[in-house]
Amino acid sequence: MHQEYTHQYIWDVPIRVWHWLLALSVISGWLLGEFRTFTIMQWHFYAGYCTGTLLLVRILIGFAGSGPVRFSVLLPGIPALLGYIRTLFRREPSGVRGHSPMGGLATIAILLCLLWQVTTGLMAEDDGLFFEGPLASSVSASATRTATRLHHYGAKAILVLFALHIGIMVFYRFWKRENLVIAMITGRKLVKRDR
Amino acid sequence: MKKTLLLMLMSTALAMTNVTAHEAHAAEKDPVKKAIKARQAAMVLRSWYAGPLFGMAKGDIEYDSEWASALAGSLKAELAMTGRGMWPEESDYENYPDESRSLPELWLDPEGAQEAGMAYADAVNEMANAAGEGLGALRSAVGQLGQSCKGCHESYRAE
């Protein structure tokens, strides 16, 4: 089956480093937030600043970068998306040079969710631990309360997206016989020959 | 004629002021709202005294053992104030969404609420012993105090 596929170098070093740094900062930030204490709370803030910086970098890459990382490529058209969903359960790799239409959509959803989380976090507070985001004192008390609530919803949304992300990696690995994790480590991905 | 008009205007204005003042006062006549205000006042005081202790532990404020002791002593003094009557039934967030953030769970789970209150009292007593004993002692006491505040907020307060 793999004869119609070739391993191609798709993910360059910067985007791979970016991906794993993001994974590190989001996972550590999430855990430090969920299990926050007075002692570790400052590290939750640092993780948030790292995530925010990485998001800004990604936004630049998305507009100015080239190839499969561009937002214009990631945002699929409806026909492409529907077409891909129809072939989703075929037991073969997607063969796309980059993200599949669903993968592109997922990437944008993850970026938006993280952007939401960093933005609300800047204005949120934990008035039990007496910590507040750097912008909390610049907005009204009710805005801080809303931001705090939205930040807590965001944490749940991140957990759902994380579980989906891992679940889909497992689905590709065992159902579609494609190891996407290795691809994000080596940069080499299965691509259909005729593409 | 002019005089009568002026008199009428003045009396109307006076009457309106009276009505407004009366309404403002009436807003506090509800005994449940009064109780909510009282317990929130206690919470504001706690936060007022605890704030600088957290600030010192963070390093935002320079450690001052005398001030720290006084702050912790004030928190301890507040523990001695009776809260009886401050938590009437149905004074929760669902019945008083504009006034209260206390979740109905606080009344549905009295053991848990009691436990949370005890954890706070323990943390305050610990703080009262530690606050004047140096920054290291203050820091560890702040950790416990923060945990007790956060624990109760998470379980029993609307977001």
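- A:Thr148 approaches B:Glu159 most closely through the heavy-atom pair O-OE2, 4.4 Å.
- Relative ring orientation between A:Phe130 and B:Phe54 is described as parallel, the plane-to-plane angle staying below 30° on a 0-90° scale split at 30° and 60°.
- Cation-pi geometry between B:Lys58 and A:Phe131 is satisfied (NZ or CZ under 6.0 Å from the ring centre, within 45° of the ring normal).
- Put simply, A:Leu24 and A:Leu31 are part of two different groups of oily side chains (I, L, V, M, F, W, Y) that touch within less than 4.5 Å, one to the next.
- Looking at every heavy atom in both residues, B:Tyr93 comes nearest to A:Arg145 through CE1-NH2, 4.1 Å.
- Side-chain contact between A:Asp127 and B:Met43: absent, with no pair of heavy atoms (C-beta onward) separated by less than 4.5 Å.
- Within a 6.0 Å radius of CZ in A:Phe162, no more than 12 heavy atoms belonging to other residues, nucleotides or ligands are found.
- Residue A:Leu114 is grouped with residue A:Val17 when hydrophobic side chains (ILVMFWY) are merged at heavy-atom distances under 4.5 angstrom, including chains of intermediate members.
- Heavy atoms from other residues, nucleotides or ligands lying under 6.0 Å from CE of B:Met86 number more than 12.
- Only the side chain of B:Glu154 comes within less than 4.5 Å of a heavy atom in chain A; its backbone stays farther off.
- Contacts of B:Ser47 with chain A are made by both backbone and side-chain atoms, with heavy-atom separations under 4.5 Å.
- Within a 6.0 Å sphere centred on CH2 of A:Trp20, heavy atoms belonging to other residues, nucleotides or ligands number more than 12.
- Chosen from B:Arg157, B:Gln144, B:Arg139, the residue pairing most often with chain A at heavy-atom distances under 4.5 Å is B:Arg157.
- One hydrophobic cluster, built from ILVMFWY side chains closer than 4.5 Å, cannot hold both A:Phe89 and A:Leu82; they sit in different ones.
- Neither the backbone nor the side chain of A:Thr39 comes within less than 4.5 Å of any heavy atom of chain B.
- Within a 6.0 Å sphere centred on CH2 of A:Trp43, other residues, nucleotides and ligands contribute 12 heavy atoms or fewer.
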